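Let me begin by presenting the structure, written as structure tokens, before commenting on it.
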Amino acid sequence: VTEGMDALELLGLLSSAAPDGFQVESLSMGSNAGTVRAKLGDYEQLETLLRALEGQQRFDFSLDQATSAENEILLTLRVTY
């Protein structure tokens, strides 16, 4: 049984699920949960990302915050594992 988060596995999953233009700004990890801060082009891309991440067996993603900035969306995802 694997405990904790495998950062490379998480980043690989995000990369495969994310639309073009997705950029991870930071990743923090704890023993049971982590936080991903990232940028996307617009809210439509955010919805696409969240749909792609639904139902993952290894990680559970929830949107903590999404805010508009100049020509981009800044988001914070909470990840539990």
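In this chain, numbering begins with 1 at the start of the sequence shown. This one's a predicted model, so the numbers in the text were calculated from it and none came from an experiment.
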Practice item. Kindly indicate, with the supporting measurements, whether the criterion side-chain contact (heavy atoms from CB on, under 4.5 Å) is fulfilled by V79 and L10. Key: CA-CA 9 Å; V79 186; L10 174 63; 4.1 Å; yes

Review point. With no hydrogens and no angle check, is any side-chain donor or acceptor of Q23 less than 3.5 Å from a backbone partner on L40?
Key: no

Check your understanding: Could you give the distance from CG (L63) to CD (E47), rounded to the nearest 0.5 Å?
Key -> 8.5 Å

**Study point:** Close side-chain approach of T80 and N32, heavy atoms under 4.5 Å
**Key:** no

Check your understanding: Taking Y81 for the side chain and A33 for the main chain, is one N or O donor matched with an acceptor at less than 3.5 Å?
Key -> yes

Practice item. Grab the two heavy atoms, one from D20 and one from Q45, that are nearest each other, plus how far apart they are. Key: O-NE2, 3.2 Å

Study note, to complete from the structure: dist L13:CG -> R58:CZ (nearest 0.5 Å) comes out at 10.5 Å

Study note, to complete from the structure: The reported gap from CG in D60 to CD in E54 (rounded to nearest 0.5 angstrom) is 10.5 Å

Point to revise | Minimum side-chain heavy-atom gap V36-L75 below 4.5 Å | key: no

Exercise for review: Please check if atom CD in E44 has more than 12 non-hydrogen atoms from other residues, nucleotides or ligands closer than 6.0 Å.
Suggested key: no

**Study point:** Rounded distance [0.5 Å steps], CD in Q65 versus CZ in R78
**Key:** 14.0 Å

**Study point:** Closest non-hydrogen atom pair, F59 against D6
**Key:** CZ-O, 4.2 Å

Exercise for review: Please check if the side chain of S15 supplies one atom and the backbone of L11 the other of a donor-acceptor pair under 3.5 Å.
Suggested key: no

Study note, to complete from the structure: Closest heavy-atom pair, L46 versus A66, reported as atoms and distance to 0.1 Å, is CD2-CB, 3.7 Å

Check your understanding: Taking C-beta and beyond as the side chain, do F22 and L14 meet within less than 4.5 Å on heavy atoms?
Key -> yes

Revision key, fill the gap. Separation between CG (L77) and CZ (R37), nearest 0.5 Å, reads 10.5 Å

Check your understanding: Hey, are the side chains of Y43 and I73 touching, using non-hydrogen atoms and a 4.5 Å cut-off?
Key -> yes

